[in-house]
Number of protein chains: 2
Amino acid sequence: MEKKFQAIYDLLAKEIQTEKIKAGQLLPSENELTERFATSRETVRKALQLLSQNGYIQKLQGKGSVVLEQDKLPLPVSGLTSFKELSRSMSQKVETCVTSLSCKKARGFIQQVLQCEEGTPIWELHRLRKLDGESVIYDKDFLLKELAPGITEEIAADSIYDYLEQELGLSISYAKKEVVVEEAQAEDKAIMDLGSYQQLVVVRSAVYLEDTTLFQYTESKHRPDKFRFVDFARRTK
Amino acid sequence: MEKKFQAIYDLLAKEIQTEKIKAGQLLPSENELTERFATSRETVRKALQLLSQNGYIQKLQGKGSVVLEQDKLPLPVSGLTSFKELSRSMSQKVETCVTSLSCKKARGFIQQVLQCEEGTPIWELHRLRKLDGESVIYDKDFLLKELAPGITEEIAADSIYDYLEQELGLSISYAKKEVVVEEAQAEDKAIMDLGSYQQLVVVRSAVYLEDTTLFQYTESKHRPDKFRFVDFARRTK
DNA sequence: GAGTGGTCTAGACCACGAA
DNA sequence: TCGTGGTCTAGACCACTCA
């Protein structure tokens, strides 16, 4: 059974996305929504808080909740989104090529970033992402084998997150990310279509499960002209 | 009078920051906190939700709230943070130099991004940020003059946000951002210390007030080696 | 003054984890 | 079984906007 506030959120989000309620208009008041959904005001407010967080509305005390303008498919690199989910919203032709999938024992750098015992089995996965036939993104993933024993090249080419969440029932919960620009390494130049680009945008992320286990470490290198990051942020005072 | 849930948040955040409660430990249970702060459980939960959003804790059903590891001063380019607030957390010597402050009538590109009438008075502000004597960040701001009539070079060199919020009582509420990499223009090369760098990380942002007025548009160009972006993101399902 | 959102309360029942 | 967090309720009072 879906949670009530989630259902209200989904419905309102959909009405905004489909422009059944247009930007600039006010949502029905909290009291009206309370009646319409036969619930309590706090539950309505939970839904509205989600809408506000995700940039759908702005609440104005004494007035109501204004619907904000929706951006036309910004790549939500922000938040936690996998490549497959991303590519769905891209018009271009996208291809994923698994260049390497091997199992290693943790030591040195990898052991350190995954914060595990020396010798822990680790999947090391390299994937090349092609847009319109050009290799422009190079991902290296390191994951605890213990938690995802059955990874295959097919799964890796599709979506690891789908596999984890739907097949294994693991819940990805949060991530820490860092974005920097670095010189392309010899390996990058050999494997990617860099043209004259000498630098790459590198996104490093640590992915955690619900129980706070650090589960995956990823280094994603992007050719600068194919990198775009968009963000919606609220001021927290 | 400070809101109760905010006070509880502040106190707990401080205890985590100062490692009075260490990473990996559990927070007191919601019932305990309810008693300690002589409040209701929902109020405690509001505070905990904030802590969770900001990456301080992870809630585990049936167990409690685990304190997460704190990162040592990540530049929070994420969220909504002004340069002055940023520089406070940087060890390096930071200098801001106002290279231009003028008032224009909106038209063309500027009119479009600020979504205002043609001819609306606009402040155009150029600032150069120096780290250790090198000019590595170049900001161009466009703001509605109507809302911030009294801007001076002194204010611009200090913090515009402080002026807006403390002097004018305006409330900055949210922003949309985009990060891309672009070729350095002739102007950028002339005014910044770019060395052999040919490309710049460009952060474009639109800043909105509480009443959803689009108030400011900023283009911030960073020398790639001095750009770093960190982010904490929760998975939203 | 009427209607809006913002905060807070005191309770209820449920799902989950650990012992 | 007991303590934890997750959801939900029905009410209260306040601050704000607008007519």
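In what follows, every heavy atom counts, from backbone to side chain, and hydrogens, waters and symmetry copies are set aside. We name chains A, B, ... by the order of the sequence lines, and we start the count at 1 in each one.
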B:Asp211 CG to D:dC18 P, in whole Å, measures 10 Å
Those residues at least two apart in sequence (or on a different chain) that pass ring pair (Phe, Tyr, Trp, His ring centres under 6.0 Å) with A:Tyr208 are A:Tyr174
*Checking all strands, does A:Leu48 fall into the base, sugar-phosphate, or nothing category for heavy-atom contacts under 4.0 angstrom?*
nothing
side-chain contact (heavy atoms from CB on, under 4.5 Å) filter on A:Glu210, not counting sequence neighbours, yields A:Ser171, A:Ser173, B:Gln58
Applying salt bridge (charged side-chain N to carboxylate O under 4.0 Å, His left out) to B:Glu15 and not counting sequence neighbours gives B:Lys20
message: Can a donor-acceptor pair be found, under 3.5 Å and without considering hydrogens, that links the side chain of A:Arg234 to the backbone of A:Ser52?
response: yes
A:Leu33 CG to C:dG3 P, in whole Å, measures 16 Å
For D:dC8, does either OP1 or OP2 sit under 4.0 Å from a side-chain N or O belonging to A:Lys3?
no
To the nearest angstrom, the CG-P distance between A:Leu60 and C:dG6 comes to 9 Å
With sequence neighbours left out, the residues meeting side-chain contact (heavy atoms from CB on, under 4.5 Å) with B:Lys104 are B:Ser102, B:Glu124
When rounded to whole Å, the CD to P distance for the pair A:Gln6 and D:dG6 reads 14 Å
From CD1 of A:Ile57 across to P of C:dT4 the rounded distance in Å is 15 Å
When rounded to whole Å, the CG to P distance for the pair A:Leu27 and C:dG5 reads 9 Å
note: B:Leu26, atom CG; D:dG5, atom P; distance rounded to Å ~ 8 Å
With sequence neighbours left out, the residues meeting side-chain contact (heavy atoms from CB on, under 4.5 Å) with A:Lys59 are A:Glu30, A:Arg45, A:Leu48, A:Ile57, A:Ser65
A correct 5'-to-3' footprint of nucleotides 9-19 of chain C, with B, S and - meaning base, sugar-phosphate only and no protein heavy atom under 4.0 Å, is BB-B--BBSS-
To the nearest angstrom, the CD-P distance between A:Glu30 and D:dT17 comes to 16 Å
